[in-house]
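Contents: one structure, followed by commentary.
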Amino acid sequence: MAVEQSALDGGKARIGELISQLSMFSLAYHQDDAPLVSDAEYDQLYLELVRLETQNPVLIRADSPTQRVGEPVSADFTQVRHRIPMLSLNNAFSREDVVDFDRKIREQLKLSAKDGLQYSVEPKLDGLAISLRYERGVLVQAATRGDGETGEDVSHTIRTIAVIPLRLHGDAPEVLEVRGEVVMPRAGFAAYNTAMQKSGGKLLVNPRNAAAGSVRQLDPKLAAQRPLAFYAYGLGECSVELADSHTECLQALKNFGFPVAALATVATDAAGLLAYFEQVGEQRGSLAFDIDGVVYKLNKLAWQRALGFVSRAPRWAIAHKYPAQEAITQVLAIDVQIGRTGAATPVARLSPVFVGGVTVSNATLHNFEELARKDVRIGDWVVVRRAGDVIPEVARVELERRGENSVEFTPPMICPVCQSALAKNADEAVLRCTGGFGCSAQLKAALRHFVSRRALDIEGFGDELIEQLVDLDLLTDPSQIYALDEKTLASLDRMALKSAKNVLQAIEKSRQTTLERLLYGLGIRDVGEATAKALARYFGSISAIENADLAQLILVPDVGPVVASRVLAFFKQPRNLAVLEKLRALGLQFPEGAPQASSAGPLAGQIIVLTGTLAQLTRDAAQAKLEALGAKVSGSVSKKTTLVIAGDAAGSKLDKARELGVAVADEAHLLAILASNGV
DNA sequence: TTACCTCGAGCTCA
DNA sequence: CTCGAGGTAA
């Protein structure tokens, strides 16, 4: 105890010393622009401080430079727009995919196999993608990938990762965005779990989710105790040209002080790529962190720009994935699930197995044809595979282990939930329950959809509540939500007065809604958010849609004969009309207006196509703005197209436009159009 | 599909 | 303390 105390005192004194030194140096550097020590010396002192503090968390002082964002962030994470989107990569699963990738690049660059082409190759870490923004050399923001356009600000936890420089080493550009992966090294993961086991804390299941979870903590102090690492692999926005090639770019990142995966190297042809894949594959088990593949990038940045992008992924890079991990387990049962549209889906209930970092106990069998093809039977031993694409699947049956008395699974004739007949439409493979809202499974699914965020958005109206209300016969269709009272709600499990009041308030709030939310919420087949919006705009009111015939419906943008017939079918059903009637009677308000069939606006009649990457606006934003001005934004160039807006690295659509002699303009022109119309 | 985080609220036991 | 709901990531 005495020894421990004195060690603590020694640490405390040293920490005080370090903090005053570091803040002095930092002041001299940032404010006086006159560094007192080299970057390396600064970092060494800083790392010593981090080490002391992690060893003795009790000694962490609020004014320590390691604690610059010491306080937990409040409530929600703030949204961050990525100035340059964080794209995803296309995947290669086979040797052929890789050979194709190489061949297409050579074709597009018009290079022969002999020409000097180089790929930068690196392992693909299995963690959480992060973008770090440095302004004048200082880390100002860290954000998750999100949907690629917008992520969450997680600076408070990212700053606690010791290997991420808070200040760039050497000459820093005005703006530098570094992209990389936050991972939890296997050793750290194991050590953390051992410690947790001893202290009786919660164990982490796999390093990837552990890393992601740590980053999303609100309290940076907790995150700081998680053993996280970071490896840089690319750039976002950057105010200067750092390099000509990806390899040089990685070197530059290294010089700025970032860890870069040691296994990064180069290859010159498909054979080289495949050899790298094999080589890394052999080392995979002994690496410090999990990887799920390797990444190949065309090295020369000028050539990357020349190739550009296909939809959301660059043409000049590909992720080559290792085969999905497999495990063998037993089928305990085959259940039939009834979805919102009544579709019956067979689901294999499995004896839980740990595969690819998670415990799998369910796997969809998609439909009965697939089930029959794979010939899965209850009691069979099956190979379960979890590919990188998340959804586990039953790969095949271990036939040699099948028992003699196994019985083939026969698709049910009646709905397992409501006993109505299952019917098969002529044009589709799936069986559907004919029970409608009389089928509690369909009703529950319809209700879940109705209250969901993008539909009526009734907060707090969750699965468990729906389950109870339907089972107690308190809800027989969505309209009945608006007839619920406090007493009924409060009588349910885990619902006391406070919860009941909250739910009721959320229901009240949803009474004021919009036509498009209602249309979407009704769950008309093939009518998603976009179609609901288009219908609402075109017709303006429910009654107009109800009375429309097929020919009229087809006139709605993006509605074809299939969707039109779905809408028609929906409004032919007396049951649906009755629900609408009741919704109105119970006080649902959705403003209805005049149809906007003939779209007005300064750009009315224009058909505009966007292509390439826009720098100032997102695709969606540009489209929304143009549509607001009455233009139609189309996905492909045709004779009818009036204008093509070409961003960076525009591809085939630009060629097509030139071919057809359609007018082409750049982003600046687009912005000018918008500005002159006051958008 | 699973794992993780956060929040509010209900439940349980002292 | 435990649960349900809501959200994110891969």
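Chain identifiers are assigned alphabetically (A, B, ...) following the order of the sequence lines, protein sequences preceding nucleic acid strands; residue numbering begins at 1 within each chain. Reckoned from all heavy atoms, side chains included, excluding hydrogens, waters and symmetry mates. Just so we're clear, the structure is a prediction, and the values are computed from it rather than from any experiment.
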Is there a side-chain polar atom (N or O) of A/Ser499 under 4.0 Å from OP1 or OP2 of B/dG10?
yes
Nearest heavy atom decides the nucleotide; on that basis, is A/Val205 or A/Ala363 closer to the 5' end of DNA chain B?
A/Ala363
Is the A/Tyr119-A/Tyr276 ring centre distance short of 6.0 angstrom?
no
Check whether more than 12 heavy atoms from other residues, nucleotides or ligands sit under 6.0 Å from atom CD of A/Gln505, and answer yes or no.
no
Residues from residues 177-200 of chain A sitting under 4.0 Å of DNA chain C, heavy atoms only?
none
Is A/Arg448 touching bases, backbone alone, or none of the nucleic acid, heavy atoms closer than 4.0 Å?
nothing
Side-chain contact, heavy-atom cut-off 4.5 Å: A/Pro165 with A/Phe258?
yes
Nearest whole angstrom, please: distance from the P of B/dT1 to the CD of A/Glu393.
13 Å
Taking only residues two or more places apart in sequence or in another chain, which ones pass salt bridge (Lys or Arg N to Asp or Glu O under 4.0 Å) with A/Arg216?
A/Glu152
Between A/Gly213 and A/Ser361, the residue closer to the 5' end of DNA chain B by nearest nucleotide is A/Ser361
Selection: residues 460-491 of chain A, any non-hydrogen atom under 4.0 Å of DNA chain B:
none
What nucleic acid atoms does A/Ala129 come within less than 4.0 Å of, heavy atoms only: base, sugar-phosphate, or nothing?
sugar-phosphate
Residue pairs, two or more places apart or on separate chains, that pass side chain to side chain donor-acceptor pair (under 3.5 Å) and touch residues 446-458 of chain A:
A/Arg454-A/Glu529
Phosphate contact (B/dT6 OP1 or OP2) by A/Gln217 side-chain N/O below 4.0 Å
yes
Do A/Leu588 and A/Leu456 pass the side chain to side chain contact (heavy atoms under 4.5 Å, CB included) test, and can you show the C-alpha distance, the side-chain angles, and the key distance before you say yes or no?
CA-CA 10 Å; A/Leu588 193 75; A/Leu456 277 287; 4.1 Å; yes
Beyond-backbone contact of A/Gln79 with A/Asp153, side-chain heavy atoms, under 4.5 angstrom
no
If you look at every strand shown and take non-hydrogen atoms under 4.0 Å, does A/Ser214 touch a base, only sugar-phosphate, or nothing?
nothing
Does A/Asn206 place a side-chain N or O at less than 4.0 Å from the phosphate oxygens OP1/OP2 of B/dT2?
no
Give each protein N/O atom lying under 3.5 Å from an N/O atom of nucleotides 11-14 of chain B, with the pair distance.
none

Taking the side chain from A/Asp380 and the backbone from A/Val382, do they hold a donor-acceptor pair closer than 3.5 Å?
no
Quick check: are there more than 12 heavy atoms from other residues, nucleotides or ligands sitting under 6.0 Å from CD of A/Glu459?
no
Taking A/Arg179 for the side chain and A/Ala129 for the main chain, is one N or O donor matched with an acceptor at less than 3.5 Å?
no
Near-strand residues of residues 326-348 of chain A, defined as heavy-atom separation under 4.0 angstrom from DNA chain B:
none
Regarding the side chain of A/Asn502, the nearest nucleotide among B/dG8, C/dA10, B/dT2 is B/dG8
Under 4.0 Å, counting only non-hydrogen atoms across every strand here, what does A/Thr364 touch: a base, just sugar-phosphate, or nothing?
nothing
When you measure from the side-chain N and O atoms of A/Arg453 to the phosphate of C/dA5, is any distance below 4.0 Å, counting only OP1 and OP2?
no
Using atom CG of A/Leu218 as one end and atom P of B/dC4 as the other, report the distance to the nearest whole Å.
17 Å
Parallel under 30°, tilted from 30 to 60°, perpendicular over 60°: which one fits the rings of A/His320 and A/Phe277?
parallel
Would you please say whether a donor-acceptor pair under 3.5 Å links the side chains of A/His246 and A/Gln304?
no
